[in-house]
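Notes follow once the structure below has been shown.
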Amino acid sequence: MKRRHFLQFAGSALTAIGVSQLDIMQQGDKYTKALAQNTGRKLALLVGINDYSGDLLPLGGCVNDVMLQKQLLIHRFGFNPQDIITLTDSQATRKGILTAFEQHLINQAKPGDTVVFHFSGHGGRVLDPDKDSSDGYNSTLIPIDSGNNSSGGTVEEIMGHTLFLLMYALKTDNVTMVLDSCHSGGAKRGNFVVRSRSGSRKLQVSPNELEYQRSLLKRINLSPEDFIRLRRENIAKGVVIASAKRDQLALDASFDDFSAGAFTYLFTQHIWQQAQNESVKRTLVDVSRSTNIYSQKSFHIQIPEVELNTKQPNPPLYFTPFKANYAEAVVTKVNGNQVELWLGGVDSQSLEAYQKDAVFTVAEGSGRGLVKLASRQGLVGKGTLIKDTQLKLGTLLQERIRGIPANIQLNIGLDDNLDGNTLNQARQAFQGINRVSALPLRKQEVQYIFGKMTKARYGELQKRRVANLPPVGSFGLFLTTLDEIIPKSFGDSGETVTAAIKRLTPKFKSLLAAKVVKQMLGNTNTSNVKVTASMNIADSQKVISKTFPVRGLNKQGINQNTPAKPVTTENGIPKLPVGTRVAFELENLESQPLYVSILVIDAAGEMAVIFPNDWGASINATLLSAGEKRIIPGSSDGFKLTVGEPFGMTEALIIASTNPLRNSLKALKGIATRSRITRGPIAPKEDEFLNLTDELLTDLDNATRGGIKVEGVQLPAGVRGADTNKLAAMAIAFDVVG
């Protein structure tokens with residue numbers, strides 16, 4: 001079964017957060033010396049365009065991409081803020097981009113300097129007079145003044161050939177281009193906008209562009225013949241990172257109160273989570289794999305690509321080695337005990353838990369210098385220093401306590417292909433469902449889309465080999481690109497929209513519970529608990545996937561190598577055929593016992609509890625002793641685990657806590673009693689699943705509050721805390737196939 005994966009991650013709200021370029025420039029001098037390194041000058045030109053018009057759909061995340069890159073370059077790679085030029089929206093004309101590239105990069109960069117060029121916006125393609133590619137096109141970057149060419153003709157765009165010449169003209173070899181755009185697909189995809197020009201018109205590049213290329217050739221003393229030969233051989237020099245392959249789409253994603261480029265957010269967030277420099281190839285491999293952790297949200301391939309033409313076979317990212325701690329945040333302003341934070345290291349799945357009351361600690365402070373978050377917009381937070389260390393600009397912070405809101409919402413997008421009357425009926429029906437919001441598409445993040453199975457959509461899904469398609473005319477739930485359906489969510493073709501939403505109400509509760517568990521508790525990147533978990537082929541040594549909190553294990557000098565996966569994978573996700581027997585292996589590397597639960601959530605949003613599984617036992621049934629290694633199910637458990645339908649992305653969540661999970665175990669025992677199960681896995685119903693989730697959060701909150709009183713940290717009522725010193729929540733995703 002063909003699966004399509006897509007990376008979906010959060011960005012920042014530059015235009016809504018009150019952090020201007022002037023703010024950063026004014027503070028730049030205060031810590032430029034601390035960031036500077038004696039490795040040559042570092043120059044960057046960052047371009048982001050949202051305000052397209054005409055036949056180019058406006059975008060929402062490109063200006064935010066500029067801030068994502070800027071903060072990363074300053075705080076992780078030591079760029080002087082004065083050496084970073086940004087062009088956004090009306091500034092990013094064709095002439096403006098080319099002039100800035102020449103004046104800021106070409107005219108200033110010397111041998112050994114570092115140069116970064118980033119572009120976020122629409123991409124296109126024009127007829128290539130030299131036909132370098134078999135399709136006869138050359139990809140382009142579309143500036144703000146490209147023009148409306150709905151009827152064809154010439155366009156004022158920057159060709160890939162021009163980018164080659166600009167790179168070639170640089171006097172340094174340490175050049176990196178990052179391009180978050182594409183040239184195929186166009187238009188809208190569910191809750192996303194594609195970063196490319198729509199349509200298949202045979203556009204031609206403007207005479208201005210060709211004349212500019214001829215001018216550059218003369219200035220760099222390169223013949224037209226050598227120009228063609230060199231560009232067909234390789235990129236000009238350095239590194240080019242593209243957000244998607246030539247035949248894939250680069251998506252502009254909406255989240256919460258902001259938008260961002262899907263690739264740019266994941267790319268930059270990944271780097272914040274590194275304790276030391278990675279090579280560019282290693283980074284791209286890891287980023288590609290990371291996209292699949294969250295691919296159950298929407299299924300569309302977007303795999304970044306990298307091309308190199310360097311003297312070093314595998315240079316460090318941005319040609320700038322660094323060594324620093326893992327970080328969720330960095331201090332960007334200080335005023336007494338009030339601080340402003342950039343939350344570039346927080347993954348989008350957890351971002352909703354950072355509205356307020358989260359607590360951070362200094363990355364290299366042994367627990368000193370605690371900061372409590374008071375508010376957040378986009379990736380900018382405001383907080384208060386609550387422990388004695390004085391923080392400085394540029395101080396890296398790590399998550400300590402996650403403040404989980406009590407009334408987390410499930411956002412359901414309404415398909416904009418529904419007619420007006422149907423949309424009105426749907427909105428009215430959703431108003432009566434607690435903690436479920438119906439939202440228009442492409443305005444903010446949604447978890448699923450409520451829509452109708454049309455004849456055209458049925459045909460598209462059939463071509464993609466989506467299994468068990470519902471009848472045309474039925475209502476149900478799609479994933480956020482409308483490329484996949486939620487199994488068991490569609491009704492009969494004659495069902496009314498009101499009846500469909502009423503039927504789906506229990507399903508919404510189940511999906512809400514799954515969102516809370518997967519998104520609010522997932523802290524593999526930030527947990528300090530020392531524990532490992534793997535899913536194996538049963539009765540063998542073959543490991544399907546392994547996970548562990550990197551920070552917890554690295555603090556003890558424990559090196560956990562990820563084993564080779566013996567099963568078929570697609571973009572790093574294991575594909576398990578129905579009927580595969582599996583088992584989990586847990587190992588407690590702590591000097592104290594851990595209390596463990598294993599939950600499995602399938603593609604339909606339904607949950608099974610794999611461990612604990614002895615419902616007549618005490619709280620010790622969940623206990624994993626210090627140093628203990630356990631196989632689940634073991635030979636004495638009396639059951640086997642076999643992969644079954646529905647097809648699609650399934651996720652196992654392994655929760656390890658230093659404190660007993662008393663409330664959740666009590667709730668589980670009640671479910672087992674009602675189901676007359678004394679031993680083995682149980683499958684809670686929709687209402688039971690949501691209640692179980694609430695009890696689990698209560699357990700974690702009780703443990704957190706009991707431990708933080710001595711540190712002077714207080715959490716208000718209505719917010720549940722999850723302490724990284726007491727909780728590890730790890731996920732293993734796999735794709736169930738036929």
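- Panel note: side chain Ser279, backbone Arg282; a donor-acceptor pair is recorded below 3.5 Å.
- Remark: Leu43 CG to Thr114 OG1 distance equals 8.5 Å, nearest 0.5 Å.
- Each salt bridge (Lys or Arg N to Asp or Glu O under 4.0 Å) pair with one or both residues in residues 86-97, not counting sequence neighbours, appears once here: Arg94-Glu209.
- Salt bridge status for Lys42 with Asp83: absent, with no side-chain N to carboxylate O gap under 4.0 Å.
- Side chain of Arg76 to main chain of Trp272: a donor-acceptor pair is present (N/O by atom type, distance under 3.5 Å, no hydrogens or angles).
- Salt bridge present: Arg551 and Glu328 bring a charged side-chain N and a carboxylate O closer than 4.0 Å.
- A salt bridge does not link Lys110 with Asp113: every distance from a Lys NZ or Arg NE/NH1/NH2 to an Asp or Glu carboxylate oxygen is 4.0 Å or more.
- Salt bridge annotation for Arg214-Glu211: present, with a cationic side-chain nitrogen under 4.0 angstrom from a carboxylate oxygen.
- In this structure, the side chains of Gln398 and Asn325 come closer than 4.5 Å at one or more pairs of heavy atoms.
- A salt bridge links Arg229 with Glu233: the distance from a Lys NZ or Arg NE/NH1/NH2 to an Asp or Glu carboxylate oxygen falls below 4.0 Å.
- Looking only at side-chain heavy atoms (C-beta outward), Leu379 and Leu68 come within less than 4.5 Å of each other.
- Checking side-chain atoms of His118 against main-chain N and O of Leu46 turns up no donor-acceptor pair under 3.5 Å.
- Note: Leu56 CG to Ser196 OG = 9.5 Å, rounded to the nearest 0.5 Å.
- For Ser243 (side chain) and Ala250 (main-chain N/O), no donor-acceptor pair under 3.5 Å exists by modelled atom type.
- With hydrogens and angles disregarded, a donor-acceptor distance shorter than 3.5 Å links the side chain of Thr268 to the backbone of Thr264.
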Any chance you could lay out the salt bridge (Lys or Arg N to Asp or Glu O under 4.0 Å) test for Asp132 and Arg231, step after step, and finish with the verdict?
-> CA-CA 9 Å; Asp132 286 359; Arg231 76 189 186 217; 2.5 Å; yes
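- Between the Thr172 side chain and the Asn174 main chain, a donor and an acceptor come within less than 3.5 Å of each other.
- Using modelled atom types, one side-chain atom of Tyr52 and one backbone atom of His122 make a donor-acceptor pair closer than 3.5 Å.
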Under the salt bridge (Lys or Arg N to Asp or Glu O under 4.0 Å) criterion, do Asp65 and Arg195 qualify, and how do the steps go?
-> CA-CA 13 Å; Asp65 288 356; Arg195 290 184 171 183; 2.9 Å; yes
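- With hydrogens and angles disregarded, a donor-acceptor distance shorter than 3.5 Å links the side chain of Gln273 to the backbone of Gly345.
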For salt bridge (Lys or Arg N to Asp or Glu O under 4.0 Å), just list the numbers for Glu157 and Arg197, CA-CA rounded to whole Å, side-chain angles, deciding distance to a tenth of an Å, and then say yes or no.
-> CA-CA 12 Å; Glu157 297 175 7; Arg197 186 188 294 276; 2.3 Å; yes
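- Checked by atom type, the side-chain pair His161/Asp128 shows a donor-acceptor distance below 3.5 Å.
- Residues Val280 and Leu308 meet the side-chain proximity criterion, which asks for heavy atoms closer than 4.5 Å.
- Formation of a donor-acceptor pair under 3.5 Å by the Asp252 side chain with backbone atoms of Phe192 is not found in this model.
- Annotation: side chain of Leu317 is in contact with side chain of Phe267 (closest heavy-atom distance under 4.5 Å).
- With sequence neighbours left out, the ring-ring contact (aromatic ring centres under 6.0 Å, His included) criterion links Phe319 to no other residue.
- A side-chain donor-acceptor contact under 3.5 Å links Lys237 to the backbone of Leu170.
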